Amino acid sequence: FVSLVWGLFAFSRSEMVIRALVLVLVWIFLATTTYASVLNTQGFSFVGKELVEIGPFGIDIYHASFYRKSDGQRLLELQYVRDIARRYSVMGWKKGLAYISQDECSQNAADWIMASTPDFAKGDQFSILIKNAETSLFLNEQFIASSDDPRVAEIIHSPWLGEEPLQPSIKAGLLGE
């Protein structure tokens with residue numbers, strides 16, 4: 001029995017070298033992934049900020065801030081002032097994206113946005129970064145999801161900055177008008 005168990009762990013020198021090389025490559029991959037998973041806001045210029053409220057009593061939900069970078073990147077940050085369950089965020093997305101076309105591509109993009117939205121706690125910062133046709137989502141500056149679907153990049157800022165925003169005054173404030 002002992003020789004059988006020992007045989008499971010006995011490797012030739014070349015097998016040990018290959019296993020060590022694989023471990024080093026996995027470590028490098030994980031280290032690189034961790035570094036890339038943190039939001040980098042260097043080089044962005046502040047454009048505008050607005051408090052977003054809902055309902056007839058104007059319940060404060062979050063502060064929205066909009067930033068641009070000279071290479072065309074756009075960043076929308078939502079700083080939550082209260083806990084918001086995911087289901088309420090999804091309701092907001094549905095309302096904010098209701099005007100977009102209902103073709104399959106747009107529906108898939110909207111579905112990805114809603115599926116990628118987490119619950120929020122008071123103090124959380126949700127960041128939506130658009131770089132070319134890639135969209136990345138961050139919660140408290142930690143990466144949570146990305147999409148290379150250009151339609152996601154086209155519509156994800158729409159509830160605040162689109163042709164038909166939920167509140168035109170918020171769009172004006174975010175654009176610094």
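In this text, all values refer to a predicted model and were calculated from it rather than measured experimentally. Worth knowing before you read on, the calculation uses all heavy atoms, side chains too, and leaves out hydrogens, waters and symmetry mates.
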Contacts table for residues 121-134: side-chain donor-acceptor under 3.5 angstrom, sequence neighbours left out:
unit_1	atom_1	unit_2	atom_2	d
Asp124	OD1	Asn140	ND2	3.0
Asp124	OD2	Ala121	N	2.8
Gln125	NE2	Glu77	OE2	3.3
Gln125	NE2	Ser127	OG	3.4

For this session: Check the pair Trp93 / Trp112 against ring-ring contact (aromatic ring centres under 6.0 Å, His included), numbers first and verdict last.
Result: CA-CA 11 Å; Trp93 281 117; Trp112 181 87; 9.5 Å; no
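- The CD1 atom of Ile155 lies 5.0 Å from the CG atom of Leu97; values are rounded to the nearest 0.5 Å.
- A single hydrophobic cluster is seen to contain both Ile84 and Met91, as judged by linkage of ILVMFWY side chains at heavy-atom distances under 4.5 Å, directly or through other members.
- In this structure the side chain of Leu75 never reaches within 4.5 angstrom of the side chain of Phe66, judged on heavy atoms.
- Under a hydrophobic-cluster definition in which Ile, Leu, Val, Met, Phe, Trp and Tyr are linked whenever side-chain heavy atoms come within less than 4.5 Å, directly or via other members, Val152 and Met114 are assigned to the same cluster.
- Remark: Ser147 engages no residue in a side-chain hydrogen bond (donor to acceptor under 3.5 Å, both in side chains) (not counting sequence neighbours).
- Shown here is Lys49, whose NZ atom has no more than 12 heavy atoms of other residues, nucleotides or ligands within 6.0 Å.
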For this session: Please report the C-alpha distance between Leu78 and His63 in whole Å, then the side-chain angles of each, then the deciding distance to 0.1 Å, and finally whether the side-chain contact (heavy atoms from CB on, under 4.5 Å) criterion is met.
Result: CA-CA 6 Å; Leu78 311 178; His63 293 275; over 6 Å; no
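- Note: Phe120 CZ to Arg86 CZ = 10.0 Å, rounded to the nearest 0.5 Å.
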Table please: side-chain donor-acceptor pairs of residues 162-177 below 3.5 Å, with sequence neighbours left out.
unit_1	atom_1	unit_2	atom_2	d
Gln167	NE2	Glu53	O	3.3
Lys171	NZ	Gly162	O	3.0

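- The CG atom of Leu76 sits 9.5 Å away from the OH atom of Tyr67 when rounded to the nearest 0.5 Å.
- Here the shortest heavy-atom pairing between Arg82 and Asp60 reads NE-O, 2.6 Å.
- Legend: residues meeting side chain to side chain contact (heavy atoms under 4.5 Å, CB included) with Ala85, ordered by chain and number and at least two apart, are Arg87, Tyr88, Asp119.
- Take Asp111 and apply the side-chain hydrogen bond (donor to acceptor under 3.5 Å, both in side chains) test, not counting sequence neighbours, and it matches Gln107.
- Atoms OG1 and CD, from Thr41 and Glu141 in turn, are 6.0 Å apart once rounded to the nearest 0.5 Å.
- Closest non-hydrogen pair, Leu137 versus Ser116, comes out as CD1-CB, 3.6 Å.
- Looking at heavy atoms from C-beta onward, Ile144 lies in side-chain contact with Pro118 at the 4.5 angstrom threshold.
- Under 3.5 Å, the side chains of Ser101 and Ser106 contain a donor-acceptor pair of N or O atoms.
- With sequence neighbours excluded, the residues satisfying salt bridge (Lys or Arg N to Asp or Glu O under 4.0 Å) with Arg151 are Glu154.
- Of the inter-residue distances, the one linking Leu51 atom CG with Tyr62 atom OH reads 10.0 Å to the nearest 0.5 angstrom.
- Put simply, the side chain of Arg68 does not reach to within 4.5 Å of the side chain of Gln73, judged on heavy atoms.
- In this structure, Leu161 CG and Ile156 CD1 are separated by 12.0 Å, a value rounded to the nearest 0.5 Å.
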